[in-house]
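Heads up, the thing below is written out as C-alpha cells.
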Number of protein chains: 2
Amino acid sequence: MAYRQTALVEARLHDNRSRILAAARRLVSEGGWKEAQVASVAAAAGMATGTVYRYFPSKAELFAEVLSAVSQREVDVLAAIAASSEGALERLHTAVSTFVQRAMRNPRLAYALIAEPCDKEIDEARLTYRAAISEVIRAVIASGQAAGSLRKDVAPDLAATVIVGGFMEGLIGPLSPLGRRQRQDTEGYRREVATLADEIATLACASVASPPPNVRPFIRRPS
Amino acid sequence: MAYRQTALVEARLHDNRSRILAAARRLVSEGGWKEAQVASVAAAAGMATGTVYRYFPSKAELFAEVLSAVSQREVDVLAAIAASSEGALERLHTAVSTFVQRAMRNPRLAYALIAEPCDKEIDEARLTYRAAISEVIRAVIASGQAAGSLRKDVAPDLAATVIVGGFMEGLIGPLSPLGRRQRQDTEGYRREVATLADEIATLACASVASPPPNVRPFIRRPS
DNA sequence: TGATGGAGTGAATTGTAATTCATTTCTTCG
DNA sequence: CGAAGAAATGAATTACAATTCACTCCATCA
C-alpha cells in the first residue's frame, strides 16, 4: 500500500472538477452550444480532453450539471419570492419580472440554456427545471385561488405551464443573439429591460387575475 | 437531340417529389425526428437514398418543406379566423382554441413540428412559422386595441409572442408521447381536448382583455 | 530512493448519419 | 434498333464530435 489519496490531491481533484464546470459554463455563455465541445472545454480548463472524462461520464452529464447549477439558483430565487407574504398576484408579478431581469443579465447564457437548439440529452435536463419553475408558479396560483384573489376557473398547473411558456417565449427574442443590438451597460438598456420585464409580468398576471374575461367564442365550421 | 423530357416523365418526377414529401411527413408523424432519416424516407417512398437528393438539396430543405406545408395551412386557418367580423377577443379565443384542437388531431406530428428536439436547420424553419402565427395574433390584438375592446397598455407584438409561447407550451405536455395516455377515438378524449383548448384560449384572452389587472408589485432587494 | 498505483494525456477509435458519385437502367427519337 | 442523354441506384465516402485507452507522469510511503 504505497499510495493513498491525500488531502492535497483531493483538493486538486475537486478544483479540477470546478474548473471544468466553470470552463463549460463560460464557453456556453460566450458562444452557445456550438462552442460547447468537450475538447474546447478541456482546453479552456487547461487540461487534456481525456481528463474531462475522469470527472464526468459524458458530455451530456457535464452540461446537465452546468444547467442544473444555473437553473437551481433561479428556482431558489423564485421560490423565495413565492414564499413571501405578499398577495398572490404581487408574488406572481415579481417572480416573472425578476426572472426576466435576471435572464437579461447574461442573455447569451440564458438563451442557450432556455431556447437554443442542443443535444437531446441536454434538452431533457431542461425539462426538469422548466417543470420546477412551473411548479413554483403553480403554487402561487393555487394559493391565490384559495385566498380568492385569483380566478378559480383555470387549473393551476395548466395556467402555470402557459405562463411559463409565455414569459420564456417573450424572452427569447430579446435574449437571442439576433434580437440584441444594444450594449448592455447603458442606462437605456436597463430601462428597456425593466419595461420588458414589467410588461411580460403584467401579461402573466392578467391571465389569471379576477375578473375572468367575458368572451363568447363563436363556432367555426371545422375544416 | 435524342432525348427531351416528355410530359409523362415530368409527371413522374413531380409524383416522386410528392411521394418523398409524403413519406417524410408520415415518418415524422409516426416516429418523430428519430425516424426521419434520409435513408428511411427513401425506403418509405420506394426509392434509393440518392434519388432523394435529385429532388432536395439536403435533408434540412426536405424537412423544411414538410414543416412549411403543414404550418402554412395552420397559418391560413388562423388568418381566416382573424379576418372574420367578430370581436377581437372572440377571434383570439377561437384562433387559439382552434389551433389547440387541430394540433391534438395528430399529436405526434404536432409535437415533432412544435417542440421535439431536432436539427438546428430544421429548428430555424420553425421560427418562421412561429413568427407567422405570432403576426396573425398580433394583428388581432392591435385591432382589438384600436376598437377599444382590449387593453392598450401592452405592446401587441410582445403580447402576441407571449400568447403564442403560452399556448404552445400548454400544448406540449398533452401532445408529447409521454403525456398522451388515452386513445384518441373516444368521446372522453374529444371532451378533454375541447376543455383544454377552451382553458388555454381563455388564459390567452384574459392576458389582454380589459380591464387590466390591478397589481402593485413589491420591490425585491436584487440578489 | 524506488516500487506502487492513481491521475493525466491526446492521438486514435468509434458511431452516426448525411452526402456523393461511378455505374446502371430507363426514355426518347432518328 | 441503338445512340444520346436523363434518372435512379446504393455502396462508399465524408464529416464531425464524442469517447476510449495504452502510455506517461506524478504522489505516496516503506
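So you know, we letter chains A, B, ... as the sequences are listed, proteins then strands, and number each from 1. Below, each value reflects all heavy atoms present in this structure, side chains not excepted, and no hydrogens, waters or symmetry copies.
- The B:Lys59 side chain lies nearest to C:dT19 when the options are D:dT19, C:dT19, D:dG10.
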* With salt bridge (charged side-chain N to carboxylate O under 4.0 Å, His left out) as the test, would you mind laying out the steps for B:Glu30 and B:Arg108 before giving the verdict? => CA-CA 7 Å; B:Glu30 282 170 4; B:Arg108 190 66 190 81; over 6 Å; no

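- Side-chain atoms of B:Tyr55 lie closest to D:dA8 of the nucleotides D:dA8, C:dA7, C:dA17.
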* To do: Go through B:Arg73 and B:Asp76 one step at a time and tell me if the salt bridge (charged side-chain N to carboxylate O under 4.0 Å, His left out) criterion holds.
  => CA-CA 5 Å; B:Arg73 186 181 306 157; B:Asp76 292 344; over 6 Å; no

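- If you measure from atom CG of A:Leu13 to atom C1' of D:dA27, you get 11 Å, rounded to the nearest angstrom.
- The A:Met47 side chain lies nearest to C:dT9 when the options are D:dA18, C:dT9, C:dA18.
- Annotation for A:Arg190: atom CZ counts as buried by contact number, over 12 foreign heavy atoms lying within 6.0 Å.
- Of the listed nucleotides (C:dT9, C:dA17, D:dT19), D:dT19 has the atom at the smallest distance from the side chain of A:Thr49.
- Going from atom CG of A:Leu62 over to atom P of D:dT19 covers 10 Å, rounded to whole Å.
- Straight-line distance from the CZ atom of A:Phe56 to the P atom of D:dA18: 15 Å, rounded to whole Å.
- Taking atom CH2 of residue A:Trp33 and atom P of nucleotide D:dA18, one finds them 12 Å apart after rounding to whole Å.
- Annotation: side chain of B:Tyr111 is in contact with side chain of B:Pro177 (closest heavy-atom distance under 4.5 Å).
- Nearest nucleotide to the side chain of B:Arg54, out of C:dG8, D:dA8, D:dG10: D:dA8.
- Between A:Ile20 atom CD1 and D:dA18 atom P there is a gap of 14 Å when expressed in whole angstrom units.
- Here the nucleotide nearest the side chain of B:Asn16, chosen from D:dA8, D:dA18, C:dA18, is D:dA8.
- The shortest side-chain heavy-atom distance between A:Leu196 and A:Gln101 does not fall under the 4.5 Å cut-off.
- Between the P atom of C:dT16 and the CG atom of A:Asp119 lies a distance of 14 Å, rounded to the nearest Å.
- A close approach under 4.0 Å does occur between a side-chain nitrogen or oxygen of A:Thr51 and OP1 or OP2 of C:dT9.
- The shortest distance between the side-chain N/O atoms of A:Arg12 and the OP1/OP2 oxygens of D:dC26 is not below 4.0 Å.
- Atom C1' of nucleotide C:dA12 and atom OH of A:Tyr53 are separated by 14 Å, given to the nearest angstrom.
- Between the C1' atom of C:dA17 and the CZ atom of B:Phe63 lies a distance of 12 Å, rounded to the nearest Å.
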